J.: 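Attaching a single structure in structure tokens format; questions to follow.
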Amino acid sequence: MKNTPPVITRIAPSPTGAFHFGTARTALYNYLFAKKHGGTFMVRFEDTDSERSDRSYESDILQSLSWLNISPDVITRQSERRSVYRGHINRLLASGHAYESREPSKKDPSQEVVVIRYKNTERNVSFKDTVRGTITIDVSDLGDFVIARSIDDPLYNLAVAVDDCVMGITHVLRGDDHITNTPRQILLMQALGYQPPSYTHIPLIHGEGGGKLSKRKGALSVLDFKRRGYVSGAVCNALFLLGWSPVDEQEVFPLEDMVQAFSLDRIQKKEALFREKKLAWFNRQYVQALPEAAIRREVMPALLRRFPFRSLLNPRVLSSIVQGVREQGTLFADVRDRIQSGDYDFFFIPPVYEPPLLIPDGEDQKQVRQSLTRVQELLATRSGYRGWDAVSTHELLLPYAEKEGKSLVFWPLRTALSGREKSPSPFDIMEVIGKKQTMARIQTALNLLRE
RNA sequence: GGCCCCAUCGUCUAACGGCUAGGACGCCGCCCUUUCACGGCGGAAAUAGGGGUUCAAUUCCCCUUGGGGUCACCA
């Protein structure tokens, strides 16, 4: 315990596509493990393939991590470490572990190139994997695999082997699609005289279509979920519990709890299928726990787009919308859609609707007119601001509603105020729009019912 | 196909060889409710199949079946 080296973990994404769920989970586990042991978490961009790598993906990856609150302690880039690889390739060449080979180019067979191959004399390589135990792989059919296109152009396995050792990575946690790469990397490390790190291969996440998550397969980029209005904590939480399970039955994990609880020995062996419905549930949990200010920030832009006159956004309306969103745990994207399609317009302007909307099932026009008239009279007895809050108006109208039937009394009132089949309660609406506006809308409804 | 790996409700999963196989999402029902939701309560739902080992298999071993990963001068 005393002399164990500090934990250093890393993710090694290649900037060749958007940051997707699988990589995000790997990043999360690496981060959690490092933090749990007071260690360091690094991001190392594997951009040795200059043809496919693109800086814009680097920023996508970094933004995703930052959104998820997974903050790297160190960020490096392999393309800036050519000299390190050159030195190691030279060592392999000098020690006879590697050799230059002149052969036809794979890309263009008419051309001849000189590549560098590892001289493979092993039969079996075995290593201990935290999740699966000892894995032994026959490497003889690997042959002398290519480790660099040239002295200045290392390939993936060489760069990884060198970096994991040189950077002192103690624990490699990565997707289990890398299992078959591991023996190659270990071979190179041994040839270089390095001690391989500890390996933990995490089963992949599958999409709903089956098969591993891939860049081309779609909409599972982390930033997409941000755009669609998910809360980052919920995304993290959903990821956390895909392929890992706690000792107890806790489901909702703030980041600190994750750090506390995480351990490698409870990683699942089987691949996991990601379901958005579960994420949606987590999202509800998180939205319901969010402070109002955070929700307001999410909702404000859409509101301002719909109602460009800022003065129309009075604080009471805003807080009513925000509270509704929080209580119901609504997905932000849905809130924006609703604002966009006019679901909240009645807070600002008198609604426009067809008269039949005022009449609940099984009632007729005359009854509705009577009930609404009575409601109008009752509300008129309130003067000034006192007694106009939602609780008071509810108390005021309840006895009459219970006598006549709640749906005959409350439905026409609510629809008169909102002009919508679905809306907040009439009492909440009245409180927000005020007495004057309330009375005007009821009068409008009565006029419509008169025809 | 070769090699490697995996297998509990539809999904995510729990269960040091010994329980009515537990929880969560989703689904269904009921309750709450003027509406839509939120919420509360309840229900259906699983150890892939076949052999062993054992007093006892979800748990250990083998086979079958099914699934996944990987086989680059990509990462």
Side-chain angles (χ1 to χ4, degrees), chain A residues 12-17 45-49 51-53 78 101 103-108 111 113-117 129 131-133 135-142 145-150 153 155-157 159-160 174-183 201 203-206 208 210-212 215 238 240-252 266 268-282 284 287-288 324-330 334 338 343 357 360 394 397 401 405-415 418 420-427:
Chain A
S14 61
T16 54
F45 288 114
E46 310 258 316
D47 58 349
T48 50
D49 185 352
E51 304 238 325
R52 301 200 315 150
S53 299
Q78 287 189 328
S101 166
E103 50 195 80
S105 165
K106 214 97 169 184
K107 253 167 115 181
D108 178 5
Q111 295 287 308
V113 291
V114 177
V115 296
I116 298 167
R117 286 182 179 275
D129 181 88
V131 175
R132 299 172 200 277
I135 297 175
T136 303
I137 292 173
D138 181 352
V139 292
S140 52
D141 56 342
L142 240 42
F145 53 93
V146 178
I147 57 172
R149 294 187 197 88
S150 74
D153 203 353
L155 255 21
Y156 167 77
N157 280 301
V160 168
R174 69 208 330 182
D176 71 8
D177 51 338
H178 285 290
I179 280 182
T180 50
N181 284 324
T182 309
H201 287 96
L204 300 173
I205 298 176
H206 286 196
E208 306 205 18
K212 80 164 173 172
K215 290 154 190 171
F240 180 55
L241 260 18
L242 256 193
W244 186 90
S245 60
V247 184
D248 55 17
E249 286 176 345
Q250 184 174 352
E251 294 274 345
V252 177
R266 295 188 69 84
Q268 189 77 10
K269 282 194 178 74
K270 197 180 68 166
E271 69 275 14
L273 185 67
F274 169 74
R275 292 277 179 166
E276 193 164 346
K277 293 253 185 173
K278 186 98 179 198
L279 206 210
W281 178 79
F282 279 118
R284 228 167 25 240
V287 171
Q288 286 172 346
V325 169
R326 184 169 66 175
E327 278 162 24
Q328 300 189 13
T330 322
D334 291 346
R338 286 175 203 176
D343 279 11
L357 177 67
H394 182 257
L397 299 180
K406 288 181 179 177
S407 72
L408 177 59
V409 177
F410 290 149
W411 175 276
L413 175 60
R414 191 181 60 75
T415 48
S418 67
R420 302 239 143 210
E421 256 176 70
K422 311 179 231 175
S423 78
S425 86
F427 314 103

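Quantities reported herein were computed from a predicted structural model and do not represent experimental measurements. Convention: sequence-line order gives letters A, B, ...; per-chain numbering from 1.
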J.: Using whole Å, report how far CD1 of Ile137(A) lies from C1' of G2(B).
T.: 13 Å
J.: With rounding to whole Å, what would you report as the distance between U8(B) and A21(B) at their C1' atoms?
T.: 8 Å
J.: Any base atoms under 4.0 Å from Glu421(A), or only sugar-phosphate, or nothing? Heavy atoms, all strands.
T.: base
J.: How would you label the glycosidic angle of C32(B): syn (within 90° of 0) or anti?
T.: anti
J.: What interatomic distance, in whole Å, is found between C1' of G2(B) and the corresponding atom of C12(B)?
T.: 33 Å
J.: Heavy atoms only, 4.0 Å cut-off, all strands: where does Asn181(A) land among base, sugar-phosphate and nothing?
T.: base
J.: Rounded to whole Å, how long is the line connecting atom NZ of Lys269(A) with atom P of G69(B)?
T.: 19 Å
J.: When rounded to the nearest Å, what value does the distance between P atoms of U20(B) and C61(B) take?
T.: 25 Å
J.: Using modelled atom types and a 3.5 Å cut-off, is there a donor and acceptor pairing between side-chain atoms of Arg414(A) and backbone atoms of Pro424(A)?
T.: no
J.: Nearest to the side chain of Leu273(A), heavy atoms from C-beta on, is which of A24(B), U35(B), C12(B)?
T.: C12(B)
J.: Roughly, in whole Å, what's the span from CD in Glu276(A) to C1' in G26(B)?
T.: 13 Å
J.: Please state whether the phosphate of C73(B), meaning OP1 or OP2, lies under 4.0 angstrom from any side-chain nitrogen or oxygen of Gln111(A).
T.: no
J.: With rounding to whole Å, what would you report as the distance between G22(B) and A15(B) at their P atoms?
T.: 14 Å
J.: Expressed as a whole number of angstroms, how long is the span from His178(A):NE2 to C4(B):C1'?
T.: 15 Å
J.: Does Val113(A) reach the side chain of Ser150(A), with side-chain heavy atoms less than 4.5 Å apart?
T.: no
J.: Within the pair Trp411(A) and U34(B), is there a side-chain N or O less than 4.0 Å away from OP1 or OP2?
T.: no
J.: On RNA chain B, nearest-nucleotide positions of Glu103(A) versus Leu242(A): which is more 5'?
T.: Leu242(A)
J.: Rounded off to whole Å, could you give me the CG-to-P distance for the Leu357(A) and U35(B) pair?
T.: 14 Å
J.: Would you say A14(B) has OP1 or OP2 under 4.0 Å from some side-chain N or O of Ser245(A)?
T.: yes
J.: Considering only side-chain heavy atoms of Lys106(A), which listed nucleotide, C36(B), C73(B), U70(B), is closest?
T.: C73(B)
J.: Rounded to whole angstrom, note down the P distance from C32(B) over to U58(B).
T.: 43 Å
J.: To the side chain of Glu249(A), which of G22(B), U35(B), A75(B) is closest?
T.: G22(B)
J.: Glu271(A) CD to C4(B) P: how many Å, rounded?
T.: 18 Å
J.: From NZ of Lys277(A) over to P of U13(B), roughly how many Å is that when rounded to an integer?
T.: 19 Å
J.: Counting any heavy atom closer than 4.0 Å, what does Asp138(A) reach on the DNA or RNA strands: base, sugar-phosphate only, or nothing?
T.: nothing
J.: For residues Thr182(A) and Arg174(A), is any side-chain donor paired with an opposing acceptor at under 3.5 Å?
T.: yes
J.: Looking at Arg266(A), I'd like to know whether one of its side-chain N or O atoms comes within less than 4.0 Å of OP1 or OP2 on U13(B).
T.: no
J.: Please report the distance, rounded to the nearest Å, between CZ in Phe274(A) and P in G10(B).
T.: 20 Å
J.: With a 4.0 Å cutoff (strictly under), does any side-chain N or O of Lys406(A) reach OP1 or OP2 of U34(B)?
T.: yes
J.: Distance only, no hydrogens: is a donor on one side chain within 3.5 Å (strictly under) of an acceptor on the other, for His394(A) and Ser425(A)?
T.: no
J.: Distance check, C1' atoms only: G42(B) and C6(B), in whole angstrom units.
T.: 36 Å
J.: With a 4.0 Å limit, can you tell me whether Lys278(A) has a side-chain N or O closer than that to the phosphate oxygens OP1/OP2 of C25(B)?
T.: no
J.: Assign Lys270(A) to base, sugar-phosphate, or nothing according to its heavy-atom contacts below 4.0 angstrom with the strands shown.
T.: sugar-phosphate
J.: Has Asp47(A) got a side-chain atom pairing as donor or acceptor with Gln78(A)'s backbone, closer than 3.5 angstrom?
T.: yes
J.: Any side-chain N or O of Arg284(A) below 4.0 angstrom from OP1/OP2 of G26(B)?
T.: yes
J.: Return the nearest nucleotide to the side chain of Val146(A); candidates are U13(B), G10(B), C73(B).
T.: C73(B)
J.: Donor-acceptor pair, distance only, cut-off 3.5 Å: does the side chain of Gln250(A) make one with the backbone of Val252(A)?
T.: yes
J.: Which nucleotide, G68(B), A75(B), C12(B), lies nearest any side-chain atom of His206(A)?
T.: G68(B)
J.: Quick one: does any side-chain atom of Trp411(A) pair with a main-chain N or O of Leu357(A) as donor and acceptor, under 3.5 Å?
T.: yes
